[in-house]
Amino acid sequence: MSQDLVVAVTGASGSCYGVRLLEVLLHAGRRVHLVISPAGVQVSSHELGQDRQEIARDPTQLLPAGTPTELLEIHDHADFTAGIASGSFLTAGMAICPCSMGTLAAIASGLSQNLVHRAADVHLKERRKLVLVPRETPLGAIGLENMQKATAAGAVILPAAPGFYHRPESINDLVDFVVARICDQLDVEIDLGRRWGEDAS
């Protein structure tokens with residue numbers, strides 16, 4: 001089975017989660033297929049303080065210096081000829097991080113309007129792991145219904161809701177908590193902090 005993973009960044013707040021996930025997966029030696037929606041570029045630019053056009057031209061600028069990018073493949077959100085748009089292209093899973101409510105709605109409804117939606121649909125129909133990371137709060141009835149539909153179809157809903165039992169000392173610790181849970185779902189072994197029951201000393 002392929003060890004390739006798909007990461008999509010859409011237009012929800014929480015760009016730092018997606019960037020950190022991408023960084024961790026690349027350091028773990030996994031080949032990653034990245035798709036950033038136009039709204040994802042816009043939000044990332046605002047939240048991370050980087051030029052929107054530069055992010056659209058070269059998303060690797062979001063990554064910290066020293067991040068290995070040899071195994072990173074970037075796909076345009078409108079490119080339905082990309083391998084990840086086909087079920088015959090093998091992957092080990094996909095994470096949409098962060099996942100906007102619009103993207104969630106499209107996936108729950110089976111609408112393949114762009115490559116993010118189509119790749120997600122592929123993972124569902126092929127019974128591969130699809131992890132959706134919403135950050136919306138509060139949640140309305142429509143969003144909750146869409147989460148239920150996506151879950152029934154086989155997706156994992158993993159809200160960007162960090163825990164505190166590991167006694168975080170920084171925002172980075174909170175981000176890593178969520179990223180570690182995503183990696184658990186994708187079967188990527190990483191060490192991003194103390195787990196429940198581990199010695200805090």
Side-chain angles (χ1 to χ4, degrees), residues 1-22 24-25 28 30-37 39-40 43 73 75 77-80 82-163 175 177-190 192:
M1 183 60 160
S2 170
Q3 293 298 299
D4 287 23
L5 294 167
V6 181
V7 172
V9 176
T10 63
S13 181
S15 306
C16 56
Y17 291 109
V19 172
R20 179 59 170 154
L21 174 63
L22 183 60
V24 167
L25 294 177
R30 303 299 288 269
R31 182 176 298 280
V32 179
H33 299 267
L34 174 66
V35 187
I36 304 181
S37 72
V43 175
E73 296 191 26
H75 304 280
H77 81 289
D79 183 11
F80 283 89
I84 59 175
S86 172
S88 65
F89 186 90
L90 297 179
T91 68
M94 176 178 183
I96 303 181
C97 178
C99 181
S100 68
M101 290 295 102
T103 297
L104 172 66
I107 293 169
S109 302
L111 300 178
S112 294
Q113 298 173 316
N114 59 46
L115 183 58
V116 176
H117 305 160
R118 173 56 185 168
D121 185 56
V122 164
H123 281 76
L124 290 178
K125 77 182 186 71
E126 298 293 335
R127 303 296 192 268
R128 301 176 195 159
K129 186 62 67 76
L130 173 65
V131 183
L132 308 180
V133 187
R135 199 228 46 85
E136 189 86 352
T137 189
L139 293 168
I142 294 174
L144 289 168
E145 181 180 355
N146 286 334
M147 289 182 187
Q148 194 281 328
K149 289 171 64 177
T151 299
V156 172
I157 305 298
L158 197 158
V175 171
F177 182 96
V178 173
V179 169
R181 300 292 79 75
I182 300 170
C183 288
D184 286 347
Q185 290 296 320
L186 296 175
D187 295 321
V188 177
E189 294 187 10
I190 46 88
L192 286 182

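Please read these numbers as outputs of a predicted model, since none were measured by experiment.
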Enquirer: State which residues pass salt bridge (charged side-chain N to carboxylate O under 4.0 Å, His left out) with D184; sequence neighbours excluded, sorted by chain then number.
Expert: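 For D184, the residues satisfying salt bridge (charged side-chain N to carboxylate O under 4.0 Å, His left out) (neighbours in sequence not counted) are R181, R195.
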Enquirer: Would you check if Q113 and H77 make a side-chain contact, meaning some heavy-atom pair closer than 4.5 Å?
Expert: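 Of all side-chain heavy-atom pairs linking H77 with Q113, none is under 4.5 Å.
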Enquirer: According to ring-ring contact (aromatic ring centres under 6.0 Å, His included), does anything in residues 82-103 pair up with another residue at least two apart or in another chain? List the pairs.
Expert: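 Every pair satisfying ring-ring contact (aromatic ring centres under 6.0 Å, His included) with a residue in residues 82-103: H33-F89.
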Enquirer: Which residue in the set M94, H123, Q185 passes side chain to side chain contact (heavy atoms under 4.5 Å, CB included) when paired with V131?
Expert: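 That would be Q185.
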Enquirer: What distance do T103 atom OG1 and H117 atom NE2 have between them, rounded to the nearest 0.5 Å?
Expert: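 Reported value, rounded in 0.5 Å steps: 4.5 Å.
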Enquirer: Roughly how far apart are L21 CG and L186 CG, rounded to 0.5 Å?
Expert: 7.0 Å
Enquirer: What residues, two or more places apart in sequence or in another chain, satisfy side-chain contact (heavy atoms from CB on, under 4.5 Å) together with S109?
Expert: L111, K149
Enquirer: On a heavy-atom basis, which atom in G14 and which in P98 lie closest, and how many Å separate them?
Expert: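 Looks like O-CD, 3.6 Å.
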Enquirer: Working to the nearest 0.5 angstrom, can you tell me the gap between I157 CD1 and C99 SG?
Expert: 7.0 Å
Enquirer: Test side chain to side chain contact (heavy atoms under 4.5 Å, CB included) on V179 and I190; report intermediate values, then the result.
Expert: CA-CA 10 Å; V179 169; I190 46 88; 5.9 Å; no
Enquirer: I need the L5 CG to L25 CG distance, nearest 0.5 Å.
Expert: 5.5 Å
Enquirer: Would I107 and I96 count as a side chain to side chain contact (heavy atoms under 4.5 Å, CB included) if you check the C-alpha gap in whole Å, the side-chain angles of each, and the deciding distance to 0.1 Å?
Expert: CA-CA 11 Å; I107 293 169; I96 303 181; 3.4 Å; yes
Enquirer: Please report the C-alpha distance between I84 and V122 in whole Å, then the side-chain angles of each, then the deciding distance to 0.1 Å, and finally whether the side chain to side chain contact (heavy atoms under 4.5 Å, CB included) criterion is met.
Expert: CA-CA 8 Å; I84 59 175; V122 164; over 6 Å; no
Enquirer: Please list, chain by chain and in numerical order, all residues satisfying side chain to side chain donor-acceptor pair (under 3.5 Å) with S37, sequence neighbours excluded.
Expert: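 By the side chain to side chain donor-acceptor pair (under 3.5 Å) rule, S37 matches no residue at all.
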Enquirer: Check the surroundings of atom CG in L144: do more than 12 heavy atoms from other residues, nucleotides or ligands lie under 6.0 Å from it?
Expert: yes
Enquirer: Give me the atom names and distance for the closest heavy-atom approach of A108 to A150.
Expert: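 Residues A108 and A150, closest heavy atoms: CB-N, 4.4 Å.
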Enquirer: To the nearest 0.5 Å, what is the distance between CZ (R31) and CD (Q3)?
Expert: 12.0 Å
Enquirer: What closest approach, in Å, do L115 and A85 show between heavy atoms, and which atom pair accounts for it?
Expert: CD1-CB, 3.8 Å
Enquirer: Heavy-atom distance under 4.5 Å between the side chains of L158 and V178, does that happen here?
Expert: yes
Enquirer: Kindly give the heavy-atom pair with the smallest separation between Y17 and C97, and that separation in Å.
Expert: CB-SG, 3.5 Å
Enquirer: Could you tell me whether a side-chain N or O of T10 sits under 3.5 Å from a main-chain N or O of S100, the two making a donor and an acceptor?
Expert: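 It does hold such a pair.
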Enquirer: To check you understand the geometry: which heavy-atom pair defines the closest contact between E73 and H75, and what is its length?
Expert: O-CD2, 3.8 Å
Enquirer: What is the distance from atom CG of L132 to atom OG1 of T151, rounded to the nearest 0.5 Å?
Expert: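 The OG1 atom of T151 is 8.0 Å from CG of L132, to the nearest 0.5 Å.
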Enquirer: Quick one: salt bridge (charged side-chain N to carboxylate O under 4.0 Å, His left out) pairs with a partner in residues 115-128, sequence neighbours left out?
Expert: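 Qualifying pairs, neighbours excluded: R118-D121.
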Enquirer: Which residue pairs satisfy the salt bridge (charged side-chain N to carboxylate O under 4.0 Å, His left out) criterion with at least one member in residues 130-147, sequence neighbours excluded?
Expert: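 For residues 130-147, and leaving out neighbouring residues, there are no salt bridge (charged side-chain N to carboxylate O under 4.0 Å, His left out) pairs at all.
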Enquirer: Might you point out which heavy atoms bring V43 and A12 nearest each other, and give the distance in Å?
Expert: CG1-O, 3.5 Å
